[in-house]
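See below for the structure under consideration.
Residue numbers start from 1 in every chain, and the chains themselves are labelled A, B, ... in the order their sequence lines are given, proteins ahead of strands.
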Amino acid sequence: MSTAVDFDDYLKSLGRLTSHVDPTAATPEAERIVEATGRLGGLLDTDITGLAAWVRDNPNDVPVLGLAVGLSQEKLKNALRDRFDTSGWHGLARTQPVELVTWLDAEFDLVRMLRTQMERTYTFADILVARAGTRATATRAGASGRRIEDEIEDIARDLGLDYTTRSRFAGRNGRTAPADLIVGDPNSADIVVAAKGFDSTGSKLTDAVREIEEMAEVRLPTQLVLAVIDGIGWKSRQSDLRRIHQLWATRQIDGMYTLVTLDRFRADVAEFARLRRLI
DNA sequence: GGAGGGAACCACGATCCTGT
DNA sequence: ACAGGATCGTGGTTCCCTCC
């Protein structure tokens, strides 16, 4: 066993793990996009029929159509699962090419997007804007995260409740757990709510479940624990969603809602608050 | 090939810390 | 006491890998 190195020395010895990538370098992925786009340009007419034949013949290149309408590969997968119950575009392109293209057109204006973009002349600035895209998506992610939180906060405010957002509440044995909305004093909370909306998938959904399980574990029997869960991302993480639903089914949490059932959320919160003489 | 899961990414608000 | 930079914690999204 070697002796511990001084922390500052250790800090100084940390190095970069990844190398810088030349953005103009050719990659296999770039090649594929170039070729697929070329084949798109060879279409006699950019319409549903022509595109359906194109995806049938080029099932691997469906993501290029996604890119054309502003869908990243992951966004495309999640949208496909929402509509077709599978994220596998390859199979869809071969077995239901017309349905696939028709849906892309109805939902994302595929035909018009292709026609206008393929004839447009792009500038250097356009390239840089596209490269900066990840920042824009991160900003949107933050906004959509607050969407559900804002909705439930509006309800709490509207009901005239005293509440705290994005904090921790105390339950049994002085233990605490995080919550997105806490009604009452966080040290003796009456109602705690988790708000988890995801349109994409990832281990964050598992984190969200862990958080709700923690709430259920810490809660006092007298505390009302509710979860507002929405977003198509859960369709690709059903085992996680099931765990939350199971908590509800076994009464470890008291309610589970989507945005369209928020009226019930409101009614349930109002009823509990009246019973507790909070309003 | 497709499903599922884990880690990395960028942004933002709240809070901490520091120099004035 | 206070302004403002640094840091922390949390948000959803994207990428990548493994397993069937």
**Asked** When we call it a touch if two heavy atoms are under 4.0 Å apart, what does A:Gly231 touch: a base, just sugar-phosphate, or nothing?
**Response**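 Since no nucleic acid heavy atom lies under 4.0 Å of A:Gly231, the category is nothing.
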**Message:** Once you apply a heavy-atom cut-off of 4.0 Å, does A:Asp207 come out as touching a base, just sugar-phosphate, or nothing?
**Reply:**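 No contact.
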**Item:** With sequence neighbours excluded, residues passing ring pair (Phe, Tyr, Trp, His ring centres under 6.0 Å) with A:Phe272
**Value:**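 Once residues adjacent in sequence are excluded, A:Phe272 has no partner under the ring pair (Phe, Tyr, Trp, His ring centres under 6.0 Å) criterion.
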Quick one: [X] [atom1] to [N] [atom2], roughly how many Å, whole number?
X        : N      : atom1 : atom2 : value
A:Ile152 : C:dG11 : CD1   : C1'   : 14 Å
A:Asp180 : C:dG11 : CG    : P     : 6 Å
A:Lys196 : C:dT10 : NZ    : C1'   : 8 Å
A:Lys204 : B:dC10 : NZ    : C1'   : 11 Å
A:Asp230 : C:dG11 : CG    : P     : 16 Å
A:Arg210 : C:dG11 : CZ    : P     : 13 Å
A:Lys235 : B:dG4  : NZ    : C1'   : 17 Å
A:Trp234 : C:dG12 : CH2   : P     : 9 Å

**Request:** Name the residue closer to the 5' end of DNA chain C, choosing between A:Ser203 and A:Arg146 according to the nucleotide with the nearest heavy atom.
**Result:**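 The 5'-side residue here is A:Arg146.
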**Asked** Given that A:Ser239 and A:Arg166 both sit by DNA chain B, which one's nearest nucleotide is further toward the 5' end?
**Response**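 By nearest-heavy-atom nucleotide position, the 5'-most residue is A:Ser239.
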**Request:** Looking only at non-hydrogen atoms, find the nearest pair between A:Ala68 and A:Leu114 and report the distance.
**Result:**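 Nearest heavy atoms, A:Ala68 then A:Leu114: CB-CD2, 3.7 Å.
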**Contacting residues from residues 65-91 of chain A, given that a heavy atom lies under 4.0 angstrom of DNA chain B** =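 Contacts with DNA chain B under 4.0 Å: A:Arg81, A:Thr86, A:Ser87, A:Gly88, A:His90, A:Gly91.
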**Asked** Below 3.5 Å, does any donor atom in the side chain of A:Arg237 face an acceptor in the base of B:dG5, or the other way round?
**Response**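 Result: at least one qualifying N/O pair found.
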**Message:** The criterion is side chain to side chain contact (heavy atoms under 4.5 Å, CB included); which residues satisfy it with A:Leu220, sequence neighbours excluded?
**Reply:**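 Side chain to side chain contact (heavy atoms under 4.5 Å, CB included) check on A:Leu220 returns A:Arg172, A:Thr222, A:Gln223.
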**Request:** Quick one: list whatever passes side chain to side chain contact (heavy atoms under 4.5 Å, CB included) with A:Glu99, sequence neighbours left out.
**Result:**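 If we apply the side chain to side chain contact (heavy atoms under 4.5 Å, CB included) test to A:Glu99, skipping adjacent residues, the hits are A:Phe84, A:Gln96.
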Side chains of residues 34-43 of chain A: which donor-acceptor pairs under 3.5 Å do they make with residues two or more places apart or in other chains?
unit_1	atom_1	unit_2	atom_2	d
A:Thr37	OG1	A:Ile33	O	2.6
A:Arg39	NE	A:Asn58	OD1	2.8
A:Arg39	NH2	A:Asp61	OD2	2.4

**Item:** Cluster companions of A:Phe169 among Ile, Leu, Val, Met, Phe, Trp, Tyr (side-chain spacing under 4.5 Å)
**Value:**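 Besides A:Phe169, the cluster holds A:Ile182, A:Val192, A:Phe198, A:Leu205, A:Val209, A:Ile212, A:Met215, A:Val218, A:Val225, A:Ile229, A:Trp234, A:Leu241, A:Ile244, A:Leu247, A:Trp248, A:Ile253, A:Met256.
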**Message:** Any side-chain to backbone donor/acceptor pair from A:Arg157 onto A:Ile152? Under 3.5 Å, distance only.
**Reply:**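 Looks like no, no N/O pair under 3.5 Å.
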